[in-house]
Structures are given as C-alpha cells and as structure tokens.
Amino acid sequence: MDDGSVDIKSRVAAEVASLPVAALDPAQPDLFAADAFWPVFTRLRAEDPVHFVESPIYGPYWSITRWADIMAVDSNHQVFSSADGIVLQTLEAKAESEKRPRGSSFIAMDPPGHDVQRKTVSPAVAPANLAVLGPLVRERAGAILDSLPIGEEFDWVDLVSKELTAMTLATLFDFPQEDRRLLTHWSDMFTNAPGHGPAKSWEHKREQADACFARFTELWNERVNAEPKFDLVSMLAHSPETRNLPITDYHSNVVLLIIGGNDTTRNTISGSVYALNKNPDQYDKLRADPSLITSMVSETIRWQTPLAHMARTATVDHELGGKTIKAGDRVAMWYVSGNRDDEVIANPNAYVIDRERPRSHLSFGFGIHRCVGNRLAELQLTIIWEEIMKRFPTVELVGEPTRTHSVFVKGYETLPVVIPRRN
Ligand code: HEM
C-alpha cells in the first residue's frame with residue numbers, strides 16, 4: 001500500500017502493545033479513519049472486556065467489547081436506556097446540541113414511546129412492501145450499473161453505493177427522485193463532525209439541518225391532510241401515535257430514517273467490493289457459485305460492521321463482568337469488536353463468504369431496537385450483487401479507500417475501482 005496506512009497501523013499496534021490496559025481508549029476517530037483501531041479491541045476483549053474510559057473527546061464511558069456482554073446490554077433495555085442518546089457524543093457536539101430545542105427519535109426512546117413509533121413505520125420495511133420494492137430496486141440497480149464507465153477508474157462510493165441507497169430511500173419517503181442526493185448530503189452533514197465530509201463548521205451543519213427540516217416540514221404539510229399513502233412521511237403524519245408529536249420529534253425521526261437508510265447500506269455495498277478484492281479466493285468462490293450471494297451479503301455485514309457501536313445509559317447500578325456500572329454511566333457496545341470475538345465466531349478476522357451461520361452477527365443490534373430495516377438492507381445488497389454478476393466478470397479495486405472519520409459510522413468516503421470489461 002502506498003497511502004501510509006501500513007505505517008500508521010504498525011505505529012498504533014506498537015503503541016497499543018506498550019500501554020497499560022487501563023490507558024486504552026477505542027473511541028478515537030483518527031484510529032477509525034486509518035483502520036488502525038483493531039489492536040485496541042483485541043487487547044480489551046482479552047484483558048478488560050468491561051472497561052472504564054475517561055475520554056478527552058467523549059467524556060467518561062464504559063467500553064463493552066465481548067459478544068456475550070454486548071448481548072447482555074443490548075437485550076436489557078430496563079437497565080440500559082436509550083433515552084439519553086444512542087451514540088457516543090463528543091463533548092463539543094453535546095454543548096452544541098444543548099443550544100437548540102431538541103426532539104427525540106424512537107431509536108433514542110425506551111418503551112412505551114419507542115414501541116408504538118417503531119410500529120408506525122415498520123410496514124414500510126415489512127415483507128409485503130419489500131416484495132413491491134424488490135423489482136424497483138432491481139431496475140435501478142441495473143440502470144446504475146449500465147451507466148458505469150468501462151476500462152476507466154471511477155469512485156464506486158459515489159456512482160454506485162450512494163446512488164442505489166439514495167434511490168431506495170427517496171422511494172420510502174416518496175421524496176422527489178431528482179433531489180435524492182440531498183438525502184445523501186444531509187446524511188453526511190448529520191454524521192460528520194465539522195472539518196470532515198461535507199461539514200465545514202457547526203454553523204454549516206445547523207444551516208443544512210434547517211434546510212432538511214424545512215423540506216420535510218413541507219412534505220408533512222402536504223400529506224397530513226391528504227389521503228394516507230404508503231410512504232414514511234404519510235405514515236408519521238397520519239398515525240395517531242405520531243401525528244401530534246412536537247415537530248422536533250418528527251424531524252428527529254427523519255434524521256434517524258435518513259441515516260439508517262443511507263450510510264449503513266451504502267458502506268456495506270462499498271465494503272463488499274473492498275472485501276472481495278482483498279480476498280480474491282472468496283471472489284472466485286462467488287463467481288463459481290453465485291448462489292453464495294445471500295451468505296456473502298451477511299458475511300459482509302458482519303465483517304464491515306457499518307455501525308461500529310451503539311451507546312446506552314445505565315438506569316441503576318449494575319454488575320457486568322465483575323465491574324459495577326453506576327446509574328447514569330454511559331456504556332458503548334462495540335459491535336465491531338463483538339463481531340470479531342473468537343469465543344463465538346470461528347476465525348473471526350477472516351472474510352469467509354460461505355460461513356455456516358452467516359446471519360449470526362451483531363451488526364443489526366439486538367433486543368427491542370434491533371434494526372427495523374435489516375431485510376431491506378439485505379435485499380438491496382443481494383440485488384446489486386445479482387446484477388453485478390450478470391454484467392461484470394470483476395470490479396477491480398485500484399487503490400485504497402478513504403475512510404470515514406467517525407467512531408460510529410464505519411465506512412468509506414471513496415473507493416477507486418475499474419471495471420475492465422463486461423461479461
Ligand atoms: C447494513 C445495513 C444496516 C445496518 C448495519 C443497520 C444497523 C442498525 C443498528 C445497529 C441499529 C440499532 C440496534 C440496537 O440498538 O440494538 C439499527 C436500528 C435501526 N435501523 Fe438499521 N441498519 C441498517 C440498515 C437500515 C435500513 C436500510 C433502514 C431503513 C429504513 C434502517 C433503519 C433503522 C431504524 C429505523 C432503526 C431504529 C430501530 C429501533 O430503535 O427500534 N436500518 N440499525
């Protein structure tokens with residue numbers, strides 16, 4: 001590799017090996033951007049799986065790194081509440097967010113509020129609607145792939161991963177397709193800290209959030225008194241559980257659905273191209289037997305882990321792994337680490353597209369907040385790969401990706417590829 005990442009990785013590995021375990025802190029966006037965080041998790045899983053950190057960036061939090069402990073936290077919403085937010089928030093972001101009135105989305109709620117709102121939007125991603133969406137996604141995937149240059153380098157993230165997920169999300173919201181890339185843009189504005197991605201400053205982030213909210217308020221106003229339709233805005237505007245909520249809660253649910261529907265699937269699509277190129281024997285296996293697409297998709301979701309963690313707040317003092325987590329303490333469940341726990345997954349660092357139980361991973365979470373869009377994500381990934389295999393013998397990685405500067409969204413900003421020829 002010529003991008004210097006090997007140097008960074010070996011430097012971080014040496015540093016991590018030399019530090020006392022008490023000093024380890026996985027929540028460092030620089031390490032995620034350099035893909036250099038893995039040795040931190042390997043040590044924490046082995047030596048201190050329930051680990052207290054005083055982070056200069058995020059404040060104090062507990063870092064949970066083993067599969068079994070993550071499951072214990074994720075499936076115990078009585079003790080581990082989502083109401084104070086579900087990501088590690090930088091101290092700076094926290095101070096910023098306190099300057100403005102805030103709403104709450106259902107991912108950041110406990111029962112009963114969570115349950116009724118989740119139920120409101122679930123039909124959009126339930127099997128009956130997926131059967132309707134499938135042919136649409138296939139048609140669009142085909143059109144995207146047919147428009148790609150042959151024999152010329154291009155950015156897979158931009159031309160494929162973002163395009164397909166933006167089209168699907170625009171359909172779910174019944175948002176004008178010609179403006180679909182606004183959804184991608186807003187998602188990037190919400191998830192990036194100032195100075196990263198498209199976000200230049202806090203003011204820029206606020207401005208763009210306001211533009212997003214204004215547009216979605218217009219859609220609400222158009223639909224609230226119209227005949228109910230089968231899109232996410234109409235569902236929220238017509239359901240007795242959500243129609244009378246403060247507008248800030250509606251906006252927060254929009255943010256949840258934009259991020260949920262965008263970044264995760266996008267980064268898995270990019271991750272599949274990256275992983276298959278880094279593991280050519282697996283790409284050969286897939287070419288020899290395209291029926292492996294389904295398990296390849298799940299293996300990529302595990303291997304990539306597009307959301308590196310989810311966070312909770314303890315409601316009472318609670319014992320976990322011999323430590324006492326105090327009421328009010330923040331807790332980060334590192335899915336990215338749990339998915340590499342060799343007590344549960346054999347040879348977890350390897351990318352193996354025909355694993356026996358490929359859906360056995362933590363990437364969609366567990367318990368009452370388990371990803372509501374998981375089948376839609378799998379559907380898009382399966383279809384794009386079915387259509388890729390029909391058209392191209394290979395999608396070739398021609399350089400290293402740039403990675404997202406985040407401890408939450410684990411993904412790719414760019415991924416340079418060439419498609420040498422069609423089938
Ligand atoms: C590979 C793709 C995806 C991954 C890895 C992913 C991951 C996750 C995770 C980790 C959670 C939280 C689970 C927990 O706290 O236990 C979640 C929740 C959620 N996801 Fe996804 N997601 C993906 C795709 C999608 C899609 C396509 C949508 C589409 C609309 C979506 C919508 C949501 C929503 C609304 C929630 C909140 C559920 C709740 O609080 O009950 N996700 N997702």
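For ligands, and for the atoms within them, numbers begin at 1 and follow the listed sequence. Basis for what follows: all heavy atoms, side chains included, without hydrogens, waters or symmetry-related copies.
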Without swapping roles, check the side chain of [X] against the backbone of [Y] for a donor-acceptor pair under 3.5 Å.
X	Y	result
D249	S104	yes
E218	F213	no
Y250	F216	yes

Of all residues at least two apart in sequence or in a different chain, which pass the salt bridge (Lys or Arg N to Asp or Glu O under 4.0 Å) check with D210? R100
My understanding is that only residues two or more places apart in sequence, or in another chain, count here; which of them pass ring-ring contact (aromatic ring centres under 6.0 Å, His included) with W62? F52
Qualifying ring pair (Phe, Tyr, Trp, His ring centres under 6.0 Å) pairs with a residue from residues 287-328, counting only residues at least two apart or across chains: F80-H318, W303-Y351, H309-W334, H309-F408
Close N/O pairs between ligand 1 and protein, under 3.5 Å:
residue	atom	partner	partner atom	Å
ligand 1	15 (O)	R312	NH2	2.8
ligand 1	16 (O)	D74	OD1	3.1
ligand 1	16 (O)	D74	OD2	3.1
ligand 1	16 (O)	Y335	OH	3.4
ligand 1	16 (O)	F366	N	3.2
ligand 1	16 (O)	F366	O	3.2
ligand 1	40 (O)	H114	NE2	3.4
ligand 1	40 (O)	H369	ND1	2.7
ligand 1	41 (O)	H114	NE2	2.6
ligand 1	41 (O)	R118	NH1	2.7
ligand 1	42 (N)	G260	O	3.3

